[in-house]
Amino acid sequence: MIEAIQLYQRYNEHNSFILNDLNFVINRGEFVFVVGPSGAGKSTLLKLLIREILPTRGTLKVFGQDLTRMPRRRVPYLRRNIGMVFQDFRLLEERTAYDNIAFVMQVTGAPAGEIRRRVPQVLEMVGLSEKIWDRVCDLSGGEQQRIGLARAIINRPAMIIADEPTGNLDPVTSLEIMNLLRGINIRGTTVVVATHDREIVDRFRKRVIYLEDGRIAGDEQKGVYVRAI
Ligand code: ADP
């Protein structure tokens, strides 16, 4: 699903490398945490995965395709297969839960009938049926992130990439959101989560990739937040 080979990234040639010789594979159906101190390069790695930026050097394959060689016109297709979840939700605040999801479907050209059918369905999957006509700004942080998840899965992506999805939530709500992500993963979607949420990582015991100063300092199955060695 993802393969990085001698992957390097720097933002300009006067600076040192932000990502330094990353080599890893993430297989279909995996659930992976990316952890590490602020500035370690987690967000940069996620940006590379959705081809928001191009690697300075090396190979990065997503869905078997080398992103460094991918023509620009293929990028929307790549992104349609990746659901993104953000720390700050990035929703249309003044609009309803329904509108926020419908909007994503409209952008990808879905027929009106399918939008009307599918939006309530996906809001039910994240436990938000009752708030479908509420405006986002009237909802709690946890509810807003549920909409964020619904938006991420609406186009049935093969992979979800979440950047600090619980960064603005209390521990109980964080766990609810992560349990939803786990459910999505169990149904077959690959999930990659960059996080500082120690409690969640320790509780889930999934694969953990440790980034430190732009290098992979560890990569453990059933890992915990603080690396053993
Ligand atoms: P993390 O997500 O682990 O906190 P980031 O990937 O955001 O780390 O940042 C890694 C390093 O790259 C930091 O030193 C940051 O200042 C630098 N950086 C991030 N984005 C840019 C940019 N657009 N231009 C220059 N430097 C950047």
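Numbering of ligands and ligand atoms starts at 1, following listing order.
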Would R57 and Y8 count as a cation-pi pair here, with the cationic atom under 6.0 angstrom from the ring centre and within 45° of the axis?
yes
Within the 4.0 Å heavy-atom shell around S38, which atoms of ligand 1 are there?
4 (O)
Would you confirm whether any non-hydrogen atom of the protein falls under 4.0 Å from atom 16 (O) of ligand 1?
no
Under 4.0 Å to a heavy atom of S43 - the qualifying atoms of ligand 1, by number
1 (P), 2 (O), 6 (O), 7 (O)
Just distances here: any N/O of I18 and N/O of ligand 1 closer than 3.5 Å?
no
Write out the residue and atom name of the closest protein heavy atom to atom 19 (C) of ligand 1, then the distance separating them to 0.1 Å.
Y11 CE1, 3.4 Å
Relative to the ring of F31, is the ring of F204 parallel (under 30°), tilted (30 to 60°) or perpendicular (over 60°)?
tilted
Could you check which of T44, V34, N12 puts a non-hydrogen atom nearest to atom 6 (O) of ligand 1?
T44
Do other residues, nucleotides or ligands put more than 12 heavy atoms under 6.0 Å from Q106 CD?
yes
Can you tell which of I2, L67, L19 makes a side chain to side chain contact (heavy atoms under 4.5 Å, CB included) with L48?
L19
When distances are taken from atom 4 (O) of ligand 1, the protein heavy atom at minimum range is G39 N, 2.7 Å
Which residue supplies the protein heavy atom nearest to atom 8 (O) of ligand 1, what is that atom called, and how far is it?
G41 N, 3.1 Å
So, are E93 and R135 salt-bridged, with charged N and O less than 4.0 Å apart?
no
Is the closest heavy atom of P37 to ligand 1 under 4.0 Å?
yes
Would T195 and Y225 count as having a side-chain donor-acceptor pair, cut-off 3.5 Å?
no
Modelled atom types, side-chain donor and acceptor of N179 and R182, under 3.5 Å
yes
Close N or O approach (K42, ligand 1; < 3.5 Å):
yes
